[in-house]
Amino acid sequence: MKCEYANLFLNDYADAQLTDEQNSAIQNHIEICLKCREALTEIQGVKKEVRAIHLADNISDDFMDQAIENAIKHAKHNHHLQTSRSTMRSKLSYIAIAASFLIVFSLGFMFIDEKDSNIQIVQEQDINLLFEATETLANVTFTVILPANIEMPGYPGSKQISWQGSIHQGKNLLSIPIINLGTKKGTISAELQHQNKKRTFKINIKNGKPIKQVT
Amino acid sequence: MENKRNNFSVDIQPYIPKFKQLAIKLSGNSDDAKDLIQESLIKIYPLFYSLDPQKNISAWIAKVVYNTHIDLWRKQQKYKLDSSIDWQDGTELYNEMITHVCPLLLLEMKEEQRVTTEFLYQLKNEYRTVLILHDIEGYTTRELAAIFSLPIGTIKSRLFRARAKLREMMQQKKPEQSEYIAWG
C-alpha cells in the first residue's frame, strides 16, 4: 500500500470507522511505515487533546430550572407552539387581524374559500392557514416545504420540516413562522396527512407577495 | 397539561448535562450560552413528546441547539453588519466566522488544555463545530450528517481538515492570547 493511499484512511482508522479488511490493510502498512505511523500518532494525539476539553460550567441548576419553566410558560402563552407549531384556534377575529389565508376543508379536504391576500412577506412573520374539520383528528403529519431564501426560524438551511399534531373539530389555525431572506419568487408547500388522506396547500410568492394556490 | 409540564421538567433532565456543555462550547461564553439554552428549550418543549422514542433524542436536541445557534448568530450579525450583505449566504458566512472563547471559561484548565482550547476557537465555525460534536461530544459522522444536513463525506472531510489544521497550529506556535471581551 502506498502512503498517499494509507493517508486517506488514517482518520477513519483512528475513529474506528473502517471495515475489518480496510483495518487490516492500514494496520499492516503502519507496522512497516514510520511516516504513516507518526501521522497516525499525531491524529490520535489531537483527538485525545480535543476530547479532554471541558469548558468551565458556570451555568447554575437554578438557571436551567428557570429556563425549562420559561419554555413551558412560553408554550402556554403561544398556543401554536404548544401543539407542535400548529396553532389550532377558533377565533375568527384573530384571523382577520392576522391577514390570514382562509382555507376551509372537511374530512374530504374540500377547499371552499379562496381569497387572495395582499400582505407582503416581510423579514419575519407567520403565514396562517385556516382550516375547518368536521371531526377531531389525531396524529396528523404536517410537512412544510420551503423554497430557496425562505426559512423557518431555528431551522436554517432546512427545506423540509415535518411534525405531528392534531386537528380539532371546527376551525383550526396552522401558523407557519417564516423568515424571508430576500426571495421574490417561489412556492411554499404545506402538506397535511392523516392516514391515507393527504392535502397540499401551496402559497406562491411572486414579486415578494404570497398568492395562494390549492392543489 | 400539568402532567406534561411536570414530566418535561423531569424527562429533559438526562439530556441537560450534554445539552448545557454543547451550548457553552458552541457559544464560547456563558451569556450567549444562556440565550442559546433558553431559545433551544422553547423549541424543544413543544416537540419533545411528539418525538419517536426509538429516535436518537440527544442528536435531535443537538440539531435544535446547532440550528438555534446559527439563528441567534444571524440575528446578532444583522444588527452589526451592512444591510447590503446577501443573507442568502448567511450559513456560509457563519461557517467562515471565528468565535472567541471567553477566558473565564478557561480558568480551571491546565496550560496545555488551555492552549488546545484557544486553538480550537481559532478555527472557522465549520471546522470547530464538527470537532466539538464529534471528538468531544461523541456524535458519529452519521449523526452529524443529520445534524448539519450535509452528506457524510462532507462531514468526514471537515473533520479531517479540522484535525489537520489544529495539528498544524499546535506544531507551529502558541496561540495568541485571546483578548478579553466584556460579554453582553
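The structure displayed is predicted, hence computed values, not measured ones.
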Q.
Could you report the tightest heavy-atom contact between B:K25 and A:I53, atom names first, then the distance?
A. CE-O, 3.7 Å
**Q.** Atom group of B:T140 that falls short of 4.5 Å from chain A, counting heavy atoms
**A.** neither
(Q) I'd like to verify something: which residue of B:T141, B:L51, B:I37 has the highest number of heavy-atom pairs under 4.5 Å with chain A? (A) B:I37
Q) Looking only at heavy atoms, which two atoms of B:I42 and A:H74 are closest? And how far apart? A) CG2-ND1, 3.4 Å
Q | Which portion of B:F19 sits near chain A, non-hydrogen atoms under 4.5 angstrom | A | side chain
Q. Which residues in residues 32-50 of chain A have a heavy atom less than 4.5 Å from any heavy atom of chain B?
A. A:E42, A:I43, A:V46, A:K47, A:E49, A:V50
**Q.** Region of B:I12 that comes under 4.5 Å of a non-hydrogen atom in chain A
**A.** side chain
**Q.** Separation between CE of A:M64 and NZ of B:K34, rounded to the nearest 0.5 Å
**A.** 11.0 Å
Q: Side-chain contact test, heavy atoms from C-beta onward, threshold under 4.5 Å: evaluate it for A:I68 versus B:I16 and give yes or no.
A: yes
Q. Closest approach of B:Q38 and A:Q66, non-hydrogen atoms and distance?
A. OE1-O, 4.5 Å
Q: For B:K20 and A:D57, indicate whether the former's side chain and the latter's backbone hold a donor-acceptor pair under 3.5 Å.
A: no
Q: Could you pull out the closest heavy-atom pair between B:F160 and A:L8, with the gap in Å?
A: CE1-O, 4.5 Å
Q.
Once rounded to the nearest 0.5 Å, what's the spacing between atom CD1 of B:I24 and atom CD1 of A:I59?
A. 4.0 Å
Q) From B:R161 CZ over to A:N11 CG, what is the distance, rounded to the nearest 0.5 angstrom? A) 12.0 Å
Q | Closest non-hydrogen atom pair between B:Y45 and A:A71, with its separation | A | CD2-O, 3.8 Å
Q: Could you tell me which residues satisfy side-chain contact (heavy atoms from CB on, under 4.5 Å) with A:E191, sequence neighbours excluded, listed by chain and number?
A: A:T143, A:I145, A:K198, A:T200
Q) Looking only at heavy atoms, which two atoms of A:L55 and B:Q21 are closest? And how far apart? A) O-NE2, 3.1 Å
Q | Heavy-atom contact with chain A under 4.5 Å, split by part of B:E39 | A | neither
Q. Do the non-hydrogen side-chain atoms of B:K156 and A:D15 ever get within less than 4.5 Å of each other?
A. no
Q) Are more than 12 heavy atoms from other residues, nucleotides or ligands located less than 6.0 Å from atom NZ of B:K18? A) yes
